[in-house]
Amino acid sequence: MWVTCPRSRQTSRPRLMSFTLATWNINSVRFRIRQVGMFLDRYAPDILCLQETKCPDDRFPLKPFRSRGYEHVLLNGQKGYHGVAILSRIPFLSTSKRGFCQKGDARHAAVTVADGGDDILIHNFYIPAGGDIPDPTINDKFAHKLAFLDEMTTWLTGPETDRRSILVGDLNVAPLENDVWSHKQLLRIVSHTPIETERLEQVRAAGGWVDAMRRFVPPEEKLYTWWSYRAANWALANKGRRLDHVWVTPHLVDRLESTEVIRATRSWKRPSDHVPVIARIGAA
DNA sequence: ATGCCCTACTTCGTAGGA
């Protein structure tokens, strides 16, 4: 009599990783290091991708991470503004940082982590905000944002994305109508103009990326990750935008178990205006 | 658009954020 043993079949294969990955625009990692510690204690992601660390690498507060087991660190910071970091309890197989638009600013970091006999590439991005006026001919910041998106499209295509990859970060674009509190009222506001949402869609399509958050929340539902500091009562007004994203290549879609917006951090004392998003990738 | 906020910096005014 035949008895199949799925377990032995599985263990004969290289083990594919199960892990959680968080992305969070922290708006100064030094100013908000206590909130970061609270978040790690409460949600314990295996990997944390931060944006807007606003911190030179030699001033980065590593101790609160190391004491919690986040021993693997990739920093790409600078003085005053921008800056990204990846902090992990999982070892990195390789690390890289890429400059965009011939600027010396710190807006990208990437690592690979083991996944069975293969690996997974994780990109962490902080795309330029783009200033106030959505016209590249009179606003250099908006021109920079569009050039940055075009450079991403050119880079993240073809063989570069034909692998297990995750792209997270503050992309500073709310692409869908229900990624903002009022599509109509924000059409001419930077972050939701058609010129930006079309460029971001080009980046996504060129790499065959899948919008992971929208696999779990249908496009008919509002979904935000950022609420302005200016609103007197951010939760009551609820005039948010989805500026932070998790994308995966098709190779990982079947292993996506969840994405979760951690709205609670926005109510903490002295919060970032962005909240974390956590994605769970299952073992295959 | 809303409302007049938030952080960094050879700091008390300006740049950058979105």
Side-chain angles (χ1 to χ4, degrees), chain A residues 23-36 50-61 75-85 100-101 103-108 124-136 138-149 169-197 199-200 222-245 261 263 265-277:
Chain A
T23 178
W24 194 7
N25 179 319
I26 195 61
N27 186 11
S28 176
V29 68
R30 284 176 291 178
F31 187 80
R32 247 172 282 285
I33 191 61
R34 281 180 195 81
Q35 287 92 322
V36 174
L50 294 174
Q51 303 88 34
E52 279 205 89
T53 52
K54 298 188 177 179
C55 182
D57 292 347
D58 60 5
R59 305 280 311 275
F60 196 98
L75 304 177
N76 186 9
Q78 65 180 59
K79 189 167 74 175
Y81 41 91
H82 315 325
V84 296
F100 284 79
C101 304
K103 298 205 182 234
D105 55 7
R107 297 181 179 275
H108 171 262
N124 180 15
F125 274 99
Y126 175 52
I127 293 179
D132 286 327
I133 303 161
D135 181 346
I138 55 173
N139 175 4
D140 289 344
K141 292 179 188 174
F142 196 71
H144 178 212
K145 184 177 196 174
L146 298 182
F148 195 101
L149 287 163
D170 178 1
L171 306 188
N172 266 319
V173 180
L176 305 184
E177 292 194 9
N178 287 314
D179 290 339
V180 293
W181 62 275
S182 169
H183 170 62
K184 206 171 172 182
Q185 286 177 264
L186 287 167
L187 268 172
R188 284 184 287 181
I189 303 301
V190 169
S191 75
H192 193 60
T193 65
I195 186 166
E196 294 161 84
T197 57
R199 297 281 174 121
L200 187 70
K222 295 290 186 189
L223 187 58
Y224 312 140
T225 64
W226 173 89
W227 291 263
S228 172
Y229 283 123
R230 294 193 184 191
N233 185 334
W234 71 275
L236 186 65
N238 198 26
K239 292 180 173 176
R241 305 178 201 173
R242 184 169 69 115
L243 303 178
D244 305 275
H245 297 268
V261 177
R263 198 183 157 105
T265 64
R266 190 63 178 78
S267 297
W268 291 356
K269 195 174 180 181
R270 294 199 297 190
S272 170
D273 45 357
H274 295 252
V275 302
V277 181

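The sequence lines fix the lettering, A, B, ..., with proteins before strands; numbering per chain opens at 1. Worth saying up front: this structure is predicted, and the values here are computed from it rather than measured.
Nucleic acid contact class of A/Asp170 (heavy atoms, under 4.0 Å, all strands): sugar-phosphate only. The residue A/Tyr126 sits close only to the backbone: its heavy atoms come under 4.0 Å of sugar-phosphate atoms, none of a base. Residue-level contact check: A/Asp273 touches neither bases nor backbone, having no heavy atom under 4.0 Å from any strand. Within the 4.0 angstrom heavy-atom criterion, no nucleotide atom of any strand lies near A/Arg59.
Between A/Val190 and A/Pro56, the residue whose closest nucleotide on DNA chain B is further toward the 5' end is A/Pro56. Mapping A/Trp181 and A/Pro128 onto DNA chain B by nearest heavy atom places A/Trp181 at the nucleotide closer to the 5' end.
Contact annotation: A/Asn25 reaches the phosphate of B/dA18 (side-chain N/O to OP1 or OP2, under 4.0 Å). Phosphate contact (OP1/OP2 of B/dA1, side-chain N/O of A/Tyr229, threshold under 4.0 Å): absent. Between A/Arg107 and the phosphate of B/dG16, there is no side-chain N or O to OP1/OP2 separation shorter than 4.0 Å. For A/His274, a side-chain nitrogen or oxygen approaches OP1 or OP2 of B/dA18 to under 4.0 Å. The side chain of A/Arg30 contributes no N or O atom lying less than 4.0 Å from OP1 or OP2 of B/dA8. Contact annotation: A/Ser228 does not reach the phosphate of B/dC5 (side-chain N/O to OP1 or OP2, under 4.0 Å). Phosphate contact (OP1/OP2 of B/dT10, side-chain N/O of A/Lys79, threshold under 4.0 Å): present. In terms of phosphate contacts, A/Asn172 brings a side-chain nitrogen or oxygen within less than 4.0 Å of OP1 or OP2 of B/dA18.
Residue A/Lys239 has its side chain nearest to B/dT2 when only B/dT2, B/dT7, B/dG17 are considered.
Straight-line distance from the NE2 atom of A/His82 to the P atom of B/dG16: 8 Å, rounded to whole Å. As rounded to whole Å, 11 Å separates atom P of B/dC9 from atom CD of A/Gln78. The interatomic distance linking A/Leu186 (CG) with B/dA1 (P) rounds to 8 Å, in whole Å. We find that CG of A/Asn238 is positioned 14 Å from P of B/dG3, with the value rounded to whole Å. In this structure, CD of A/Glu52 is placed 9 Å from C1' of B/dA18, rounded to the nearest angstrom. Atom CZ in A/Arg188 sits about 12 Å away from atom P in B/dT2, given to the nearest Å. Rounded to whole Å, atom C1' of B/dG17 lies 11 Å from atom CG of A/Leu243. Note: CD1 (A/Ile189) to C1' (B/dG3) measures 13 Å, nearest angstrom.
For the C1' atom pair drawn from B/dT10 and B/dT14, the interatomic distance equals 14 Å after rounding to whole Å. Rounded to a whole angstrom, the distance from the P atom of B/dA15 to that of B/dG3 is 27 Å. Comparing B/dA1 with B/dC12, their P atoms sit 34 Å apart, to the nearest whole Å. Spacing between B/dC4 and B/dG17 at atom C1', rounded to whole Å, works out to 15 Å. Going from the P atom of B/dT7 to that of B/dA18 covers 13 Å, rounded to whole Å. The gap from the C1' atom of B/dT11 to that of B/dC6 amounts to 16 Å, rounded to the nearest Å.
A 4.5 Å side-chain heavy-atom check between A/Lys54 and A/Arg30 finds every atom pair outside the cut-off.
Side-chain N/O atoms of A/Arg241 and A/Ser191 include a donor and acceptor closer than 3.5 Å. Judged by distance alone, the side chains of A/Gln78 and A/Asp105 never bring a donor and an acceptor atom under 3.5 Å apart.
For B/dA1, the base has a donor-acceptor partner in the side chain of A/Arg241 [N/O atoms by modelled type, under 3.5 angstrom].
By the 30° and 60° cut-offs, the orientation of the rings of A/Phe125 relative to A/His108 is tilted. Classification of the A/His82-A/Tyr126 ring pair by plane angle, with boundaries at 30° and 60°, yields tilted.
Applying the salt bridge (charged side-chain N to carboxylate O under 4.0 Å, His left out) test to A/Asp179 and every residue at least two apart in sequence or in another chain returns A/Arg214, A/Arg242.
A distance-only check finds a donor-acceptor pair linking the side chain of A/Asn172 to the backbone of A/Ile127 [under 3.5 Å].
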